[in-house]
Amino acid sequence: MHVMNKLSVITLVTLTLLAHNSFSQQKDEVIMTVKSKPVYKSEFENIYKKNNKEVNVSKEALDEYMVLFTNFKLKVTEAEELGMDTVRKFRDELEGYRKQLAKPYLVDNNLNDNLISEAYERLKTEVRASHILVKCEQDATPEDTMKAYKKALSIRDKVLKADFATIAAMPGMSDDPSAVKNKGDLGYFTSMQMVYPFENACYKLKVGEVSMPVRTRFGYHILKVVDKRPSRGQIRVSHIMIVAKPEDPADKQENARKKAEEILGKAKAGEDFAALATQYSEDQSSARKGGELPIFGSGRMVPEFEDAAFSLTKDGEISNVIKTNYGYHIIKRLELKQLEPFEEKKAELKQKIQRDTRSFLPKKSFIAKLKTKYNYTDLNKKKDLMAFYAVVDTSIFDNEWKMEKAKGLEKPLAKFANKTFTQKDFALYLWKNQRKQKNQEIKAYINTQYETFMGDELINYEDSKLEEQYPEFRALMKEYRDGILLFDLTDKKVWSKAVKDTAGLREYYNKNKTNYMHPERYDVVIYTAKDAELAKKVRAELKKGKLNDDKILELFNKDSQLNLKIEKGIFSAEEKDVLVKSGALTQKLGADKLTTDYKDASNQIVFIKMKEVLKPSPKSLIEAKGPITSDYQTWLETEWIKSLKEKYPVVVNKDVLYGIKKD
């Protein structure tokens, strides 16, 4: 039975995200007509070359593919004639696909690729840095932002004249509460572990260098790079932990250490590490898994644990007892993974970047390019945008701002591509996009919303021009459109019909039942005994004829269910190859006679009782429903195509078809 995936049908055979880029630069020729409607060479050529990349272009190959393409076009024409392309469900589905297909066209892909390459290169290096934080909210007023920036500058001046760690730990300096203990030291980290502006600054600084204030969503950071080293990769380990907190009494800590040393002795003596972890480890979450921890790299564990783990030189090696603030650990190395090649890591990095703050950079860059492309101009924006500072209040943060408050604001704010956007347009945007959120400074909120509004308008405009600007996108959208129509109509006419039309299926079966035959089959009982001695005893009981097979099993399997196996049924030689191997089919046995002993691959003894030989016969509809349904679908489709060819005349221009050349 056909099990069709909708996306596989959408592009006729095989779908790729971006269509083949070789579109004819010459005048597009008509390759065929369906119901007098022209189909152009570029459409056929695009799909043909996408699905036949390794095949030489020959008349035979083109003719063969034209048959498939013609059937495809006939079905699409029928769907259009039935108005299936006008229903709401179809339009919504196509729009959903379009949004996904448009995404690569609505971002700066060069910058996106650069960010992936940059992240990969940075993964080769680990940075150890210290920081001092001056908090500053993202939506802080310009006055508060400047105040935080000046404070960061003054702290930097102090750092340049004194020890960084000393300044970081001083009261009133760093707003990072951990600075009191760690003196600002963040340990080693690599790409994708810190917010992007922070990471960016650290990788650009030289060892020992102190940065200017670096802005992140947390505030301003003064950074100092302490060290850089080659990446240690990622490691997977198991551990056994005995809890000992720094505040515990000395005797309790000593007892914990002794316990850990005792367990280490067992592990070093060869006892199973996973079993020891399950029995003794006080880290309950990992103890249940034999002590195994998720794979990690630098910056994921406390330094003492990390350093001990990465110092193990081979898989299976076990560390000495290691002390951390959590207690005493014994670590066993399971696997060390170095950085994968770029092509293997690329997809993972792309996903991480899409979830990271740096994902906004390609969009921001793309908007800047669109401003140039469409001659974007602000029209007295500063003055006319200021009007919103007075009419928008904090009610907008409760989703209660009324657009009437902006009544009378209709001056133009910006224009591009012969489109002008007014204060009224922006007011409508503010009203539609308000939501409950934390109060912000109104001026900063208005400015941010305005940039978002105009950025969205630029992207929406570019989106509306994709089919016009990119022939490959236009072709791909047509493939999706036609493919959805093809799938829905074929499902209705063939796939679902074959499943639901029980009367038609039975009629097809009755006409073709000899195509679904059982081969010669054998009604047998197969006895498998553990050895020759037991086989002899079973034969003796069968000869007596006093016990049925269930009682024979009960008699000989008292001490073990593995002594004797009895299998009954009707089988073909293909289903049970022991029928052939044992010689049961060549021994010309009478009814209920036993074959000679046969020793199988497991040295068990097999003998068979042949009850009846069944001649070839048609399978029932239930027995062969899968292949019958599949064949019925094929028949339905063949008959449907015949009717479509009669309904919609097809004319193929062979000269144009044979003019297609291999790229």
Beyond-backbone contact of [X] with [Y], side-chain heavy atoms, under 4.5 angstrom:
| X | Y | result |
| --- | --- | --- |
| E78 | L82 | yes |
| R300 | Q234 | no |
| E637 | Q633 | no |
| V76 | R481 | yes |
| L476 | K50 | yes |
| P618 | M517 | yes |

Report yes or no: does [X] contribute a side-chain atom to a donor-acceptor pair with the main-chain N or O of [Y] at less than 3.5 Å?
| X | Y | value |
| --- | --- | --- |
| Q587 | T596 | yes |
| D356 | S359 | no |
| E306 | F296 | no |
| T125 | E121 | no |
| D272 | A275 | yes |
| S630 | G626 | no |
| E344 | P341 | no |
| S311 | A308 | yes |
| E623 | K619 | no |
| T595 | F607 | no |

Shortest non-hydrogen contact from [X] to [Y]?
| X | Y | value |
| --- | --- | --- |
| S620 | Y509 | CA-OH, 3.6 Å |
| K323 | E304 | O-CB, 3.8 Å |
| Y328 | Q253 | CE1-O, 3.4 Å |
| I330 | A260 | CD1-O, 3.3 Å |
| K645 | N71 | CE-OD1, 3.9 Å |
| I608 | S582 | CD1-OG, 3.4 Å |

For E348, the option from K352, Q351, K350, K346 that meets side chain to side chain donor-acceptor pair (under 3.5 Å):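 Filter result, single survivor: K352.
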Counting neighbours of NZ on K345 that are heavy atoms of other residues, nucleotides or ligands and sit closer than 6.0 Å, is the number greater than 12?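 More than 12 within 6.0 Å, yes.
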State whether the number of non-hydrogen atoms from other residues, nucleotides or ligands found under 6.0 Å of K258 atom NZ is greater than 12.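 No, not enclosed.
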Assign the ring pair Y48 / F44 to parallel, tilted or perpendicular, where the plane angle (0 to 90°) is split at 30° and 60°. parallel
For the pair F305 and H239, name the ring-plane relationship: parallel under 30°, tilted 30 to 60°, perpendicular over 60°. perpendicular
Pick from K537, K543, R539, K544: which one makes a side chain to side chain contact (heavy atoms under 4.5 Å, CB included) with E541? K544
Cation over ring face, K576 and F571, 6.0 Å, 45°: yes
Value for CZ (R98) from CG (L94), rounded to nearest 0.5 Å, stands at 9.0 Å
How many angstroms lie between CG in L579 and CD1 in I526, if you round to the nearest 0.5 Å? 5.5 Å
Donor + acceptor pair across side chains of D283, Y326 (<3.5 Å): no
Is a donor from one side chain sitting under 3.5 angstrom from an acceptor on the other, for D631 and Y508?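 No, no side-chain donor-acceptor pair sits under 3.5 Å.
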Give the intermediate values and the outcome of side chain to side chain contact (heavy atoms under 4.5 Å, CB included) for residues K625 and L505. CA-CA 9 Å; K625 191 167 185 178; L505 183 64; 4.2 Å; yes
